[in-house]
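Only a predicted model underlies this, so the values are computations on that prediction, with no experimental measurement involved.
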Amino acid sequence: ACGGIGQPPCIPPSPDAHIADIAHERGADAGVDVPPDVDAGVAASTADDTVTALDAAEAADSTGPSEPADTSSPSVTGPAFYRAGQVHSPITKHVAKRWSEIRANGPKLQDKVFMKVGASSTVSSKTLACFAYSKVNLGKHGHLKATLEHFLAGDAAGKTPFNRKTMAAKSGHTAKWVLSGSPSPLQAETKLISPSLAFVHYGTNDMGMGSTYLSAMPGFYRSMMKLCHQLIAQGIVPMLTGISPRKDKKAANRWVATYNAVIRGMAQHFQVPFFDLHFATKDIPNHGMGGDGIHLNGYKGGSCVLTETGLKHGYNVRNLIALELLDRLRRVLLLGETALDKEAPGPVGLGTVASPLTIEQLPFTDTRDTLADGQDQIDTYPGCQSNADESGREVLYRLVLKEPKAIRAVVLHDSGVDVDIHLLDKSAAGSGCLKRDNRSVQGSLAPGTYHLAVDTFVKNGTPLGGEYL
């Protein structure tokens with residue numbers, strides 16, 4: 001068995017997938033041929049920040065269940081790569097060390113208290129609060145009892161962290177809101193309860209903050225990155241949550257995988273926890289969604305009933321995987337376990353023309369730095385009738401498609417960075433450029449070998465390279 005809570009993950013095709021995504025963000029769309037079912041409306045954006053994510057709204061071909069966790073001494077100790085198709089991001093030696101480093105920034109914070117940051121689903125009494133009351137049934141998950149009791153003993157301004165009504169969550173609001181004001185809701189809640197951990201769940205409302213779902217993404221990214229930076233600087237470990245399907249709007253639902261790719265990419269960038277709520281609920285009725293198509297549903301017997309019957313409902317699954325994550329964090333930060341999962345190395349390759357980074361699975365998300373990674377070999381892209389000066393370093397990725405696929409590629413980066421994305425044919429040369437843009441490329445591709453080049457724009461002789469997702 002695979003794919004269920006507490007089981008190794010499968011990576012099957014998603015029934016909700018429509019397109020593949022590969023993230024890049026900076027300017028206006030350059031005009032890309034797009035299949036009819038892709039929401040391709042694009043508006044110019046002044047966003048500065050960037051994540052560079054190579055991701056896919058269309059799930060990858062199944063590679064079968066992953067192997068069980070192995071806590072033996074790994075041979076790889078670098079940053080973990082967060083693959084799609086897993087409920088929880090991996091906890092390797094590097095990740096565990098990173099969490100300890102973050103916590104060292106705030107040694108006086110409460111180990112038994114977490115903060116809730118988000119919107120309506122975070123505010124809901126069906127999210128976590130029920131663990132503080134009587135209708136709790138762990139079912140087959142009794143091993144989580146010690147963790148539940150640990151956090152129930154936490155003092156969050158007179159309540160437990162589970163049932164505290166957080167000031168850092170408000171229905172209908174976005175990641176930008178929680179950072180606004182002086183003090184901001186995030187600052188006020190942090191000061192009051194001194195949490196060491198923070199559940200962060202944004203994206204659904206943020207999708208609607210632009211003229212298109214694509215144009216809304218830079219603002220969402222900027223706010224989320226700022227939020228994570230603020231938490232980490234104080235010693236609080238952010239726990240990022242993926243968003244659920246959008247059953248209310250087909251056009252919005254086509255962008256859910258892209259937003260989840262960006263959220264996963266940000267978690268990977270910081271090496272902090274990510275849990276994939278979309279993947280966790282994929283096999284339960286109606287994806288665990290309620291009648292409005294936006295919020296999860298809950299079991300009438302209680303959303304903290306984690307029995308087989310209860311776990312056919314969205315909020316119940318969310319509460320289980322949240323408790324699982326708290327357990328994983330407690331084992332690392334308080335019990336001293338150094339690795340709960342096998343090492344998770346990133347893609348093979350150097351990011352050069354001779355040795356491109358291999359995209360083995362879609363969705364795919366990656367973070368690099370064009371000031372340090374890749375090479376300076378491709379300076380122009382005549383195949384796309386472009387005379388832009390791309391003589392800075394570029395990072396190349398190779399994508400091999402065995403069947404026709406519609407992809408979307410998006411890139412995001414910080415202010416002062418200007419990298420562009422190029423879709424190339426198998427030649428991996430500028431003359432083989434098929435599409436390029438400083439925001440995203442998307443369209444239907446035939447089977448074959450392709451390359452994606454994230455290249456540095458040069459302005460007045462200065463390469464505007466840097467980190468991207």
Side-chain angles (χ1 to χ4, degrees), residues 1-18 56-60 62 65-66 82-89 118-122 124 126-128 130-131 137-141 144 199-205 207 239-250 252-261 263-264 267 273-326 328 363:
C2 65
I5 306 301
Q7 296 176 331
C10 302
I11 310 175
S14 167
D16 298 311
H18 292 277
E58 182 172 318
S62 175
S66 64
Y82 290 14
R83 292 176 62 91
Q86 301 180 94
V87 174
H88 293 288
S89 58
S120 55
S121 63
T122 300
S124 173
K126 296 177 182 178
T127 298
L128 296 174
C130 51
F131 281 121
N137 186 342
L138 296 180
K140 297 179 180 180
H141 309 280
L144 300 175
F199 283 106
V200 179
H201 188 203
Y202 284 114
T204 299
N205 294 324
M207 292 174 67
M239 302 175 287
L240 305 190
T241 308
I243 62 175
S244 299
R246 291 289 301 271
K247 299 287 187 179
D248 60 321
K249 294 181 179 179
K250 289 184 178 180
N253 196 48
R254 295 184 189 120
W255 280 86
V256 167
T258 311
Y259 274 79
N260 276 336
I263 298 168
R264 186 174 67 252
F274 169 77
F275 70 82
D276 192 337
L277 186 57
H278 189 286
F279 183 78
T281 57
K282 70 181 181 62
D283 291 328
I284 64 177
N286 197 37
H287 227 121
M289 300 302 293
D292 65 359
I294 299 177
H295 298 95
L296 299 172
N297 59 17
Y299 177 46
K300 63 181 180 181
S303 295
C304 287
V305 174
L306 309 183
T307 62
E308 182 177 353
T309 300
L311 292 174
K312 293 180 180 179
H313 300 80
Y315 276 114
N316 298 64
V317 171
R318 176 175 176 166
N319 287 332
L320 172 57
I321 60 179
L323 189 58
E324 286 179 336
L325 178 53
L326 290 174
R328 288 162 69 83

Can you give each donor-acceptor pair under 3.5 Å made by side-chain atoms of residues 303-312, sequence neighbours left out, with the distance rounded to 0.1 Å?
{"residue": "T307", "atom": "OG1", "partner": "G310", "partner atom": "N", "Å": "3.2"}

**From CZ (R264) to CZ (R83), nearest 0.5 Å** = 10.0 Å
**Asked** Is there side-chain contact between K247 and I294, with heavy atoms separated by less than 4.5 Å?
**Response** no
**Interatomic spacing from CG in L320 to CZ in F275 - rounded to 0.5 Å** = 10.5 Å
**Request:** Please examine the side chains of L326 and M239, heavy atoms only from C-beta on, and report whether any two atoms are closer than 4.5 Å.
**Result:** yes
**Message:** Test of understanding: with side-chain hydrogen bond (donor to acceptor under 3.5 Å, both in side chains), list the residues that count as partners of H201, not counting sequence neighbours.
**Reply:** S121, R318
**Message:** Would the distance check show the side chain of N319 and the main-chain N or O of Y315 forming a donor-acceptor pair, the cut-off being under 3.5 Å?
**Reply:** yes
**Request:** Test Q86 against F279 for side chain to side chain contact (heavy atoms under 4.5 Å, CB included), laying out the working first.
**Result:** CA-CA 7 Å; Q86 301 180 94; F279 183 78; 5.7 Å; no
**Complete:** One should read off an interatomic distance between W255 CH2 and N260 CG, to the nearest 0.5 angstrom, of 13.5 Å
**Prompt:** Between L138 and F131, what is the shortest heavy-atom contact and its length?
**Reply:** CD2-CE2, 4.5 Å
**Fill in**
Residues G242 and L277: closest non-hydrogen pair is O-CB, 3.6 Å
**Prompt:** Of all residues at least two apart in sequence or in a different chain, which pass the side-chain hydrogen bond (donor to acceptor under 3.5 Å, both in side chains) check with D248?
**Reply:** R246
**Message:** Before you tell me yes or no, could you show the steps for I321 and H88 under side chain to side chain contact (heavy atoms under 4.5 Å, CB included), namely the whole-Å CA-CA distance, both residues' side-chain angles and the distance that decides it to 0.1 Å?
**Reply:** CA-CA 8 Å; I321 60 179; H88 293 288; 4.2 Å; yes
**Item:** Donor-acceptor contact below 3.5 Å, side chain N316 vs main chain G302
**Value:** yes
**Item:** Distance, nearest 0.5 Å, that separates CD1 of I243 from NE2 of H278
**Value:** 8.0 Å
**Request:** May I have all residue pairs that pass side-chain hydrogen bond (donor to acceptor under 3.5 Å, both in side chains) and include part of residues 292-302, sequence neighbours excluded?
**Result:** S120-H295, D292-H295
**Prompt:** Got a sec, which residues hit ring-ring contact (aromatic ring centres under 6.0 Å, His included) with F199, two or more places apart in sequence or on another chain?
**Reply:** F114
**Prompt:** Would you say the side chain of H313 lies within less than 4.5 Å of the side chain of L296, judging by non-hydrogen atoms?
**Reply:** no
**Prompt:** Do side-chain atoms of N286 reach the backbone of G288 as a donor and acceptor pair under 3.5 angstrom?
**Reply:** no
**Considering all heavy atoms, the nearest M289-P245 contact** = CE-O, 3.4 Å
**Fill in**
By side chain to side chain contact (heavy atoms under 4.5 Å, CB included), I284 pairs with (sequence neighbours left out) T281, V317
**Message:** I'd like to check V200 versus T241 (side-chain heavy atoms, cut-off strictly below 4.5 Å). Are they in contact?
**Reply:** no
